[in-house]
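Here is the structure we will look at, set down as structure tokens.
One-based numbering, in listed order, for ligands and for the atoms of each.
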Amino acid sequence: MRIILFVTAIFCALIVSSCSFGPKSSYGFTLPEGNAEYGKAYFVEYRCVDCHTVAGLEDELLAPEGIDPIMNVVLGGPATHIETYGELVTSIINPSHKVSEQYRVTPSIDEPQSMMRNYNSIMTVDELIDLVAFIQDQYELMPMTPTVYKIY
Ligand code: HEC
């Protein structure tokens, strides 16, 4: 009996901690709806194409002529580990939050830094929103409800 109670307690603790709504959780985070067409253009303009191809758009979104891509991390399509909208946004504005072993600047240190470029000081929020709208269409993400702003 005691064992059963103990196991139930651990189980409950796990559930509570896995969907924590603490001050630093992403609960309630949404961006306004973006324009995917603009996002696609920014994807080339910001040279995401230096390191990424987009599944199904490999021939369309290319690095500028004469420039060799640095690497090829495929975005979208079925082979992906992005599952939520929050993860997608995080992967752009905080790429070092979760970095695969192979994409660490220095593989051995504890605090990994992603090889991905940091755009936070050069990209506007509007551009980010449009990029997310474009990339989101390439994944099957868990649904999110965008914030609708009234026009005053
Ligand atoms: C210098 C190379 C480089 C550039 C430029 C770059 N990225 Fe990345 N990006 C990466 C690498 C490497 C990863 C793999 C994730 C990691 O660090 O583990 C990644 C991961 C991602 C992911 C998550 C993919 C996944 O399945 O986890 C997204 C989304 C993404 N990048 C979007 C962008 C966008 C949008 C741009 C342009 C604004 C961009 N990247 C520019 C290198 C780059």
Side-chain angles (χ1 to χ4, degrees), residues 11 13-151:
F11 188 61
L14 278 178
I15 289 181
V16 169
S17 64
S18 65
C19 42
S20 114
F21 296 139
K24 287 209 165 179
S25 84
S26 56
Y27 178 72
F29 175 81
T30 71
L31 292 173
E33 193 134 28
N35 179 320
E37 270 307 301
Y38 289 175
K40 193 172 173 186
Y42 294 139
F43 196 81
V44 179
E45 208 173 293
Y46 273 111
R47 300 277 293 273
C48 312
V49 286
D50 285 358
C51 302
H52 293 288
T53 52
V54 177
L57 298 174
E58 292 87 350
D59 302 331
E60 199 182 327
L61 300 177
L62 297 166
E65 236 184 279
I67 299 207
D68 285 335
I70 301 170
M71 61 184 92
N72 185 13
V73 180
V74 180
L75 300 184
T80 167
H81 52 272
I82 288 206
E83 281 159 22
T84 67
Y85 174 78
E87 283 175 325
L88 173 57
V89 178
T90 305
S91 66
I92 301 173
I93 59 178
N94 188 8
S96 295
H97 177 65
K98 224 163 64 177
V99 195
S100 328
E101 200 73 49
Q102 85 220 68
Y103 298 124
R104 291 179 182 181
V105 176
T106 39
S108 56
I109 58 166
D110 286 345
E111 274 190 28
Q113 206 193 330
S114 173
M115 287 177 186
M116 174 146 156
R117 261 178 225 147
N118 186 322
Y119 292 91
N120 294 2
S121 303
I122 51 169
M123 193 186 282
T124 68
V125 178
D126 275 338
E127 290 165 344
L128 170 73
I129 291 167
D130 293 343
L131 259 173
V132 168
F134 165 64
I135 302 174
Q136 197 180 358
D137 287 348
Q138 320 305 320
Y139 287 95
E140 276 199 24
L141 297 181
M142 274 158 55
M144 73 103 198
T145 324
T147 315
V148 179
Y149 287 99
K150 286 195 199 122
I151 298 169

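Looking at M116, M115, R117 and measuring to atom 33 (C) of ligand 1, the nearest heavy atom belongs to M116. Relative to atom 13 (C) of ligand 1, the option among V73, N118, I92 with the closest non-hydrogen atom is V73. For the residues F43, Y119, Y46, the heavy atom positioned nearest atom 5 (C) of ligand 1 is part of Y119.
Close approach of ligand 1 to S91 is summarised as follows: ligand atoms under 4.0 Å from at least one heavy atom of the residue are 22 (C), 23 (C), 28 (C), 29 (C). Close contacts of ligand 1 with C51, meaning ligand atoms under 4.0 Å from a residue heavy atom, involve 1 (C), 2 (C), 3 (C), 4 (C), 5 (C), 42 (C), 43 (C). Counting the atoms of ligand 1 from 1 in the order shown, those under 4.0 Å from a heavy atom of I135 are 35 (C). When each atom of ligand 1 is checked for a heavy atom of L88 under 4.0 Å away, the hits are 29 (C). The M71 neighbourhood of ligand 1 comprises atoms 12 (C), with distances under 4.0 Å to a heavy atom of that residue. Listed by number with element, the atoms of ligand 1 under 4.0 angstrom from any heavy atom of R47 are 5 (C). Residue-ligand proximity, M123 to ligand 1, at heavy-atom distances under 4.0 Å covers atoms 38 (C).
At a heavy-atom distance under 4.0 Å, no atom of Y42 approaches ligand 1. Within the 4.0 Å heavy-atom criterion, both parts of C48, backbone and side chain, lie near ligand 1.
Crowding of Y38 atom OH: a count of heavy atoms from other residues, nucleotides or ligands under 6.0 Å not exceeding 12.
Applying the salt bridge (charged side-chain N to carboxylate O under 4.0 Å, His left out) criterion to D50, with sequence neighbours excluded, gives R47, R117.
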**OP:** Let me see the working for V89 and I93 under side-chain contact (heavy atoms from CB on, under 4.5 Å), right down to the final yes or no.
**Re:** CA-CA 6 Å; V89 178; I93 59 178; 4.0 Å; yes
Subject >> Audit row: L75, Y139, side-chain contact (heavy atoms from CB on, under 4.5 Å) steps and yes/no >> reply: CA-CA 8 Å; L75 300 184; Y139 287 95; 3.6 Å; yes
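Considering both main-chain and side-chain atoms, S114 comes within under 3.5 Å of ligand 1 through a nitrogen or oxygen pair. Any N or O atom pair closer than 3.5 Å counts here, and H52 shares at least one such pair with ligand 1.
Using a 30° and 60° split on the angle between ring planes, F29 and Y85 fall in the tilted class, from 30° to 60°.
Residue contact check for ligand 1: E87 places no non-hydrogen atom closer than 4.0 Å to it.
Closest approach of S114 and P95 over heavy atoms only: CB-O, 3.7 Å.
Panel note: side chain Q138, backbone I135; no donor-acceptor pair is recorded below 3.5 Å.
A distance of 12.0 Å separates CG of N35 from CD of E127, quoted to the nearest 0.5 Å. Taking CG of L131 as the reference point, atom OH of Y42 lies at 8.5 Å (rounded to 0.5 Å).
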May I have the list of side-chain donor-acceptor pairs in residues 51-62 shorter than 3.5 Å, sequence neighbours left out?
from : atom 1 : to  : atom 2 : distance (Å)
H52  : ND1    : V73 : O      : 2.9
T53  : OG1    : N72 : OD1    : 2.8
E58  : OE1    : G56 : N      : 3.0
E58  : OE2    : G56 : N      : 3.2
E60  : OE2    : K40 : NZ     : 2.7

